[in-house]
Amino acid sequence: MLNDAVKYIKERIGDFNPEIGIILGSGLGELADENCDIAINYADIPDFEASTVVGHKGRLVFAKINEKNVVMMQGRFHLYEGYSAQKVGFPIKVLKKLGIKTIIITNAAGGVNPNFHPSDLMIITDHINMMGTNPLIGANDTEMGERFPDMNEIYSSELVDLVCKVGNSIGVDLQEGTYLAFTGPSYETPAEIRMAKALGADAVGMSTVPEAIVASWANINVIGISCICNAAAGVDMAVLSHEDVIKTAHNAKEKFKKLIKEVIKKLK
Ligand code: HPA
């Protein structure tokens with residue numbers, strides 16, 4: 001399964017060896033439109049599913065950005081689409097086999113922290129898994145990772161510092177905080193957001209956690225960045241809609257792209 005996908009992609013990319021992976025969240029796909037040397041549709045890759053969400057294209061895009069070989073997932077898989085956590089995490093195993101050392105996982109999120117505003121970017125320092133499942137459930141591939149992987153430094157403080165420094169140096173302000181993931185697809189209730197806040201969450205969303213767990217398990221360095229697209233349910237009582245989330249993500253995309261490109265430059 002894994003080997004079929006890897007073999008197919010390797011045939012298509014030849015001697016392009018990706019060092020950095022990026023998962024582009026809702027509304028952030030433009031980075032892959034603007035930097036595209038080779039594109040492979042998910043539908044063509046053995047055992048990849050085709051993503052269905054509005055605002056997600058569904059392809060792997062390979063490009064040189066700031067002298068680094070990058071592979072971007074333009075579109076990702078979500079639990080709320082009906083995929084298992086294992087399916088959601090599968091592309092990360094493929095990227096590991098392609099040779100990436102670091103992954104930048106981005107997402108659109110709701111702000112739980114009252115100091116956050118729409119269009120803010122938040123560097124993820126930790127997460128809370130409220131999805132009720134884990135992508136590592138099942139037989140363990142011991143060649144790739146341990147049965148009981150440590151998650152103390154899932155978002156390494158070294159990389160959090162690096163992203164903060166980069167943000168500072170280019171004038172992109174960053175919030176910092178803990179990301180809590182629910183499965184969706186319904187947005188949260190105000191009571192659920194009060195719970196998330198009591199648990200220590202600064203932002204909530206419906207992605208990232210499965211991919212981050214698989215990446216960390218496979219010894220890939222993880223950077224997580226959320227685009228805060230709205231105040232979470234009950235924080236300002238506004239009605240939440242996917243269209244508004246995408247609109248806000250679009251408003252933040254220029255600074256988001258600038259930040260990511262600069263982080264790529266600074267990664268070892
Ligand atoms: N909740 C969950 N996921 C989200 C939100 C939200 O408020 N905004 C963007 N993605």
Side-chain angles (χ1 to χ4, degrees), residues 22-31 51-58 73-83 85 88-89 104-133 135 155 174-213 223-253 255-257 259-260:
I22 309 177
I23 304 180
L24 299 170
S26 294
L28 299 167
E30 218 175 74
L31 192 70
S51 187
T52 60
V53 191
V54 179
H56 289 256
K57 227 170 201 171
M73 287 184 64
Q74 196 175 20
R76 55 144 64 87
F77 306 106
H78 302 86
L79 287 170
Y80 63 74
E81 293 172 274
Y83 300 118
V88 174
I104 304 171
I105 309 181
T106 70
N107 62 53
V112 175
N113 187 320
N115 298 321
F116 290 3
H117 302 287
S119 294
D120 280 356
L121 301 181
M122 181 189 90
I123 175 87
I124 301 176
T125 53
D126 206 344
H127 78 218
I128 300 171
N129 180 7
M130 292 289 277
M131 291 179 141
T133 185
Y155 307 92
L174 289 174
Q175 304 282 11
E176 254 183 57
T178 297
Y179 175 91
L180 182 149
F182 290 111
T183 63
S186 51
Y187 288 114
E188 301 73 26
T189 62
E192 285 163 348
I193 294 302
R194 289 196 297 276
M195 174 187 74
K197 191 172 178 199
L199 293 177
D202 297 289
V204 288
M206 306 174 192
S207 67
T208 300
V209 163
E211 296 113 315
I213 290 172
I223 295 172
I225 307 174
S226 294
C227 177
I228 304 299
C229 287
N230 54 278
V235 175
D236 68 1
M237 290 315 279
V239 173
L240 305 184
S241 81
H242 186 57
E243 288 69 30
D244 289 344
V245 166
I246 297 283
K247 243 186 244 166
T248 310
H250 272 291
N251 290 340
K253 75 185 172 192
K255 68 173 173 181
F256 212 152
K257 284 191 295 187
L259 178 72
I260 288 177

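We count ligands from 1, going down the list as the structure has it; atoms in each ligand are counted the same way.
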Let me see the working for Asp244 and Ser241 under side chain to side chain donor-acceptor pair (under 3.5 Å), right down to the final yes or no.
CA-CA 5 Å; Asp244 289 344; Ser241 81; 3.3 Å; yes

Donor-acceptor pair, Thr125 side chain versus Gly177 backbone, under 3.5 Å?
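Present.
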
Result block: side-chain N/O donor-acceptor pairs under 3.5 angstrom for residues 223-235, not counting sequence neighbours:
{"from": "Ser226", "atom 1": "OG", "to": "Asn107", "atom 2": "OD1", "distance (Å)": "2.8"}
{"from": "Ser226", "atom 1": "OG", "to": "Asn107", "atom 2": "ND2", "distance (Å)": "3.4"}

For Phe116, enumerate each residue passing the ring-ring contact (aromatic ring centres under 6.0 Å, His included) test, keeping only those at least two apart in sequence or located in another chain.
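Scan of Phe116 (ring-ring contact (aromatic ring centres under 6.0 Å, His included), adjacent residues dropped) gives none.
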
Exactly one of Phe182, Tyr155, Tyr179 should register a ring-ring contact (aromatic ring centres under 6.0 Å, His included) with His127. Which one does?
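That would be Tyr155.
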
In a simple table, one pair per line, please give the protein and ligand 1 atom names for every N or O pair closer than 3.5 Å, along with the distance.
{"from": "ligand 1", "atom 1": "1 (N)", "to": "Glu188", "atom 2": "OE1", "distance (Å)": "2.8"}
{"from": "ligand 1", "atom 1": "1 (N)", "to": "Glu188", "atom 2": "OE2", "distance (Å)": "3.3"}
{"from": "ligand 1", "atom 1": "7 (O)", "to": "Asn230", "atom 2": "ND2", "distance (Å)": "2.9"}
{"from": "ligand 1", "atom 1": "8 (N)", "to": "Gly110", "atom 2": "N", "distance (Å)": "3.4"}
{"from": "ligand 1", "atom 1": "8 (N)", "to": "Asn230", "atom 2": "OD1", "distance (Å)": "2.7"}
{"from": "ligand 1", "atom 1": "10 (N)", "to": "Ala108", "atom 2": "O", "distance (Å)": "3.3"}

Taking distance alone, no hydrogens or angles, what donor-acceptor pairs closer than 3.5 Å link side-chain atoms of residues 197-205 to residues at least two apart or in another chain?
{"from": "Asp202", "atom 1": "OD1", "to": "Asn113", "atom 2": "ND2", "distance (Å)": "3.0"}
{"from": "Asp202", "atom 1": "OD2", "to": "Thr178", "atom 2": "N", "distance (Å)": "2.8"}

